[in-house]
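Because only heavy atoms are used, hydrogens play no part in the values below, and waters and symmetry mates are left out as well, while side chains stay in.
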Amino acid sequence: MDFVSHTEMPENLTGKNTPPETTDSKDIISENEKEVNDLSAAVDVSPSLHLNHSNKAPISPSQISPTDSEKFLVSSTENDCTEGEKVKKSVRMKNNGEDESDAAMPRTTPCLKTCPSVGASLEKFLDPMVSNGENITGSSAVMDEAWERLKNSYVYCRDKAVGTLAASDTNAEALNYNQVFVRDFVPCGLACLMKTPAEPEIVKNFLLQTLHLQGREKRIDNFTLAEGVMPASFKVLNDSKRKNDILAADFGGIAIGRVAPVDSGFWWIILLRSYTKCTRDHSLSELPEVQRGMKLILDLCLSDGFDTFPTLLCADGCSMIDRRMGIYGYPIEIQALFFFALRSAQQMLKPERDGKELIERIDKRIAALSYHIQNYYWLDFTQLNNIYRYKTEEYSHTAVNKFNVIPESIPDWLFEFMPLRGGYLIGNVSPARMDFRWFLVGNCIAILSSLVTPVQATAIMDLIEERWADLIGEMPLKIAYPALEGHQWRIVTGCDPKNTRWSYHNGGSWPVLLWLLTAACIKTGRPQIAKRAIEVVEQRLPKDGWPEYYDGKTGCYIGKQARKYQTWTIAGYLVAKLMIENPSNLVMISLEEDKKIAKPRLTRSTSWTC
């Protein structure tokens, strides 16, 4: 298979996302194509992609049993009540005394509790209707339509499904929506893994194809990108003259602002772990080529520099928010994904050769990053009051206001937004700067990866409930809150006409985020929040044509430039439904708390007196 950049596109090429024809084209194989075939052959993949190496049927999600390090923790009723009372008093209290057990709980279905501790066993709090797999919303027609549209979005390369189109809106200009995006494919891949029976073939093909693209030379103008950079997207083109499929990859060279996608590599590692959890097939992750791919991504992030923080320094537009929105610096979305990828790679990397040294570096970074985020990114009513009373210009290691944040920089909206019960991880922390905006992706990923403590995870769910009208509204979910307006919008976005107030990345509502919210709700024992959001989505999404995003302060208007039949909108709904109906699917996208990571020491601020 040939790989080309978009700046060197051969003639007579057409996009390809139709199912394979019955004609045989195996006689024409390029040199690069043989590399992919050799890579697939190393894990015993035939042209029809027989994924099961032990000649057994594919494992369905319901058969998954967590490993010892990921079994759902069990708390007694007394401890649940005690923990709940502690949260009401202060969501910043250190969680020391939880009664937890690694023993697996028997599958029982007592009544659903309203606010169990985060570490409690999921089975213990399942609604009987949900655990029996019944369709409690009566939305089978919506599910059937979603599955059909997801299947129709498959992109094929030499008779193998390798991804999904970003959108299938025939009434709008294609632009780059006819490509396979790495981050967009993650919920699509999860839907295929979670369905019964599972369909892991497309996920495996996607992982192998993007891994192969990682090894290509990546040039933008006269600059060569680092070897570990993963593509933002790729497109399958058909060369009618050579009768061959060609992969054209984008590493940021044609993206808005020409920014390389920092999150692509992290999502790739996370999806690789999800595939391994679903299939119990470790042969893919143990391939030398796959091990090398993970190491290249992590070496790029763990390289030495001038950093004084364990967080990653990033440019604007390097993640899902791929336009100028003032997230440069140390955005919470990237830090949470970085942490999730580190912990996922920790489970899959082999210690042979230089692997042991890399694992040691990962262990140290995980501990430092966890402490940093839990200490300096966390905001609740108590911490807001502390920052409000900060002194400035403090020197030496005894400084409390470590980043020299000016209290007058706290925005007025925050004092009304912050409830007495609840909290969240703020958007960015750097010298003399705190971005107090709410970003859903970073907070939900922090819960799923156990970057936050159980008490903090509960507080995030409390905030969502307390500010339902602001963060959920008429259509879940706000990607960021609040919107930038007026002079601030002009300065931060550069007068971006697509990111006007309450639109797109600037306070727009994105239905795809439903799967992240649902996973976080199930992990924290609050599935009723997710069910309520799913009911809102089901009333509108099919009628509105599965749009990419919604506009307006409450998200009641279809986005002015939103593509319809957006694939990850469809997949996000499917994953949310599959997790609600079968919460054991959560183990594919969740990590339990690592007890070896030191907890932050939460102390009273000494920069003010009563």
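Remark: the backbone N or O of Thr500 is not paired with any side-chain donor or acceptor of Ser503 at under 3.5 angstrom. A donor-acceptor distance shorter than 3.5 angstrom exists from the side chain of Arg343 to the backbone of Glu592, with no hydrogens or angles considered. With hydrogens and angles ignored, the 3.5 Å screen pairs no side-chain donor or acceptor of Asp544 with any backbone N or O of Leu541. Without hydrogens or angle criteria, Arg563 side chain to Asp169 main chain gives no donor-acceptor distance under 3.5 Å. The backbone N or O of Val512 sits nowhere less than 3.5 Å from a side-chain atom of Thr569 that would complete a donor-acceptor pair. The backbone N or O of Ser233 lies less than 3.5 Å from no partner atom in the side chain of Gln179, so there is not a single donor-acceptor pair. Judged purely by atom type and a 3.5 angstrom limit, Arg258 uses its side chain to pair as donor or acceptor with the backbone of Ala255. For Ser590 (side chain) and Val587 (main-chain N/O), no donor-acceptor pair under 3.5 Å exists by modelled atom type. The closest donor-acceptor contact from the side chain of His505 to the backbone of Ala480 lies at 3.5 Å or more, if one exists at all. At distances below 3.5 Å, at least one donor-acceptor pair connects side-chain atoms of Asn443 with backbone N or O atoms of Phe439.
Thr518 and Lys577 share no donor-acceptor pair across their side chains, judged by distance under 3.5 Å alone.
Partner Phe234 forms a side chain to side chain contact (heavy atoms under 4.5 Å, CB included) with one of Val155, Leu247, Val182 and no other, that one being Leu247. Partner of Phe206 under the ring-ring contact (aromatic ring centres under 6.0 Å, His included) criterion, out of Tyr275, Phe185, Phe181: Phe185 alone. Paired with Leu517 under the rule side chain to side chain contact (heavy atoms under 4.5 Å, CB included), one option of Leu471, Ile534, Ile522, Ile472 passes, and it is Ile472.
Atom OH of Tyr557 has 12 or fewer heavy atoms from other residues, nucleotides or ligands within 6.0 Å. Atom CZ of Arg540 has more than 12 heavy atoms from other residues, nucleotides or ligands within 6.0 Å.
Ile558 approaches Ala562 most closely through the heavy-atom pair CG2-CB, 4.5 Å. Across all their heavy atoms, Met348 and Ser285 have their closest contact at SD-CB, 4.1 Å. When all heavy atoms are compared, the tightest approach of Pro542 to Val142 is CG-CG1, 3.6 Å. Closest non-hydrogen pair, Trp147 versus Leu578, comes out as CZ2-CD1, 3.8 Å. When all heavy atoms of Tyr177 and Glu548 are compared, the closest pair comes out as OH-OE1, 3.0 Å. For the pair Gly555 and Ser509, the tightest heavy-atom approach, listed with the atom from each and the gap, is CA-OG, 3.6 Å.
Rounded to the nearest 0.5 Å, atoms CD1 (Ile246) and CG (Asn244) are 6.0 Å apart. Rounding to the nearest 0.5 angstrom, the gap separating the CG atom in Leu514 from the CE atom in Met475 is 9.5 Å. With rounding to the nearest 0.5 angstrom, the CG atom of Leu448 is 6.0 Å from the CZ atom of Phe340. Here CG of Asn499 is found 8.5 Å from CD1 of Ile321. Values are rounded to the nearest 0.5 Å. For the atom pair CD (Glu201) and CD (Glu199), the distance works out to 7.0 Å, reported to the nearest 0.5 Å. We find the CZ-CD1 distance between Arg532 and Ile464 to be 12.0 Å, quoted to the nearest 0.5 Å.
We find that Asp281 and Lys204 are joined by a salt bridge, their nearest charged nitrogen and carboxylate oxygen being less than 4.0 Å apart. A salt bridge is defined here as a Lys NZ or Arg NE, NH1 or NH2 lying under 4.0 Å from an Asp or Glu carboxylate O, and Lys531 with Glu535 fails to meet this definition. Ion pairing between a basic and an acidic side chain is recognised when a charged N comes within 4.0 Å of a carboxylate O; Glu227 and Lys218 show no such pairing.
Contact check for Val180 versus Lys235: no side-chain heavy atoms found under the 4.5 Å cut-off. Residues Pro476 and Val536 are in side-chain contact: their nearest non-hydrogen atoms beyond the backbone lie under 4.5 Å apart. Looking only at side-chain heavy atoms (C-beta outward), Ile270 and Val186 stay at 4.5 Å or farther from each other. The closest side-chain heavy-atom distance from Ile202 to Val162 is not below 4.5 Å. The side-chain heavy atoms of Met461 and Ile529, taken from C-beta on, include a pair separated by under 4.5 Å. Looking only at side-chain heavy atoms (C-beta outward), Trp502 and Asp551 stay at 4.5 Å or farther from each other. Looking at heavy atoms from C-beta onward, Glu289 lies out of side-chain contact with Leu208 at the 4.5 angstrom threshold. Between Cys188 and Thr567 there is a side-chain heavy-atom pair separated by less than 4.5 Å.
Listed by first and then second residue, the ring pair (Phe, Tyr, Trp, His ring centres under 6.0 Å) pairs involving residues 517-537 amount to none (not counting sequence neighbours). Residue pairs meeting the ring pair (Phe, Tyr, Trp, His ring centres under 6.0 Å) criterion with at least one partner in residues 518-537, sequence neighbours excluded, are absent. The list of ring pair (Phe, Tyr, Trp, His ring centres under 6.0 Å) pairs with a residue in residues 519-551, not counting sequence neighbours, reads Tyr504-Tyr549, Trp510-Tyr549, Trp546-Tyr573.
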Open item on the list: One pair to check against side chain to side chain contact (heavy atoms under 4.5 Å, CB included): Asp322 and Ile256. What are the steps and the verdict?
Closed with: CA-CA 7 Å; Asp322 57 1; Ile256 301 296; 5.6 Å; no
TODO: Show your reasoning for whether side chain to side chain contact (heavy atoms under 4.5 Å, CB included) applies to Cys444 and Ile447.
DONE: CA-CA 5 Å; Cys444 285; Ile447 292 175; 5.6 Å; no
- [ ] Using the side chain to side chain contact (heavy atoms under 4.5 Å, CB included) rule, take Met143 and Leu574 through it: C-alpha gap first, then chi angles, then the decisive distance, then the call.
- [x] CA-CA 7 Å; Met143 289 281 284; Leu574 287 172; 3.8 Å; yes
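Qualifying side-chain hydrogen bond (donor to acceptor under 3.5 Å, both in side chains) partners for Lys498, counting only residues two or more places apart in sequence or in other chains: none. Applying the salt bridge (Lys or Arg N to Asp or Glu O under 4.0 Å) rule to Lys564 yields no partners; only residues at least two apart in sequence or on another chain are considered.
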Can I get a per-line list of side-chain donor-acceptor pairs under 3.5 Å for residues 260-269, giving both atom names and the distance, sequence neighbours left out?
residue	atom	partner	partner atom	Å
Asp263	OD1	Arg183	NH2	3.1
Asp263	OD2	Arg183	NE	2.7
Asp263	OD2	Arg183	NH2	3.4
Ser264	OG	Pro231	O	3.1
Trp268	NE1	Leu207	O	3.2
Trp268	NE1	Thr210	OG1	3.0

